[in-house]
Amino acid sequence: MRKRPNIPWAAAVQVKPVAQTSMTAANSLDEDPLPEIQFELPPFPGRLVIVRTGPPRPRVSTPPAATTGGDSEKMVAPLIAPQVTAQESAVAKQQTVQSLSIAEKNLQSARGKRLNAAQTDLVSKIRGFLKDAREAAQVADWARARSLSKKAQVLSEALVTSL
């Protein structure tokens with residue numbers, strides 16, 4: 001392996017390049033050593049081309065208007081939910097009620113206390129999960145209600161420990 005020369009930076013500024021002179025340049029001083037370069041540009045096109053930076057927009061057709069049935073028949077979005085048995089639904093309902101009561105009890109213990117910004121944010125998240133869990137329970141979506149109420153319970157327990 002070749003070793004690099006060890007040159008201190010203070011001495012590097014004293015190094016100057018030496019231009020080599022050729023015999024013809026020494027004989028004729030009036031000649032320019034570099035020829036003059038002229039650039040030839042192609043003619044400007046009369047019409048500019050638009051370059052797209054992204055994919056073209058998809059064209060969306062308008063849905064056909066439903067003329068039969070009137071206002072009484074509204075299109076309802078299908079509900080996608082897992083198939084649960086009656087026993088699984090009952091267990092999920094029980095767990096939802098239990099998690100909701102624990103989360104609400106923990107929120108009550110934090111009421112009236114001075115909260116910092118993180119704790120206030122936690123309280124708003126807990127209330128949001130409780131509200132969503134109750135809405136899911138009203139439509140008998142117990143799996144979603146259980147999940148949301150469990151999140152509210154876990155956050156409320158974290159809130160109580162931070163008080």
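Sequential numbering from 1 along the given sequence is applied to the chain's residues.
In this structure, R146 CZ and K151 NZ are separated by 12.5 Å, a value rounded to the nearest 0.5 Å. Between the OG atom in S149 and the CH2 atom in W142 there is a gap of 9.5 Å [rounded to 0.5 Å].
Cluster annotation: L122 and L148 are assigned to the same hydrophobic cluster (Ile/Leu/Val/Met/Phe/Trp/Tyr, side-chain heavy-atom contacts under 4.5 Å, transitive). Under a hydrophobic-cluster definition in which Ile, Leu, Val, Met, Phe, Trp and Tyr are linked whenever side-chain heavy atoms come within less than 4.5 Å, directly or via other members, V123 and L155 are assigned to the same cluster. Each of L107 and V154 belongs to its own hydrophobic cluster when Ile, Leu, Val, Met, Phe, Trp and Tyr are linked at side-chain heavy-atom distances under 4.5 angstrom.
Taking each heavy atom of A133 and L100 in turn, the nearest pair found is CB-CD2, 4.0 Å.
Listed by chain and number, the residues in a side-chain contact (heavy atoms from CB on, under 4.5 Å) with E88 are V84, T85 (sequence neighbours excluded). Partners of A152 by side-chain contact (heavy atoms from CB on, under 4.5 Å), not counting sequence neighbours, listed by chain and number: A103, I126, F129, L130. Under the side chain to side chain donor-acceptor pair (under 3.5 Å) criterion, E157 pairs with Q153, not counting sequence neighbours. Remark: K131 engages E135 in a salt bridge (charged side-chain N to carboxylate O under 4.0 Å, His left out) (not counting sequence neighbours). Residues satisfying the side chain to side chain donor-acceptor pair (under 3.5 Å) criterion with S89, sequence neighbours excluded, are absent altogether. In this structure, S101 has no side-chain contact (heavy atoms from CB on, under 4.5 Å) partners at least two apart in sequence or on a different chain. Judged as a side chain to side chain donor-acceptor pair (under 3.5 Å), and not counting sequence neighbours, D132 has no contacts. For V160, the side-chain contact (heavy atoms from CB on, under 4.5 Å) test picks out N106, S109, with sequence neighbours left out. Shown here are the side chain to side chain donor-acceptor pair (under 3.5 Å) partners of T96, two or more places apart in sequence or in another chain: there are none.
A donor-acceptor pair is defined here as one N or O able to donate and one able to accept, closer than 3.5 Å; such a pair exists between the side chain of Q119 and the backbone of N116.
Under the salt bridge (charged side-chain N to carboxylate O under 4.0 Å, His left out) criterion, the residue pairs touching residues 117-127 are D121-K125, with sequence neighbours excluded.
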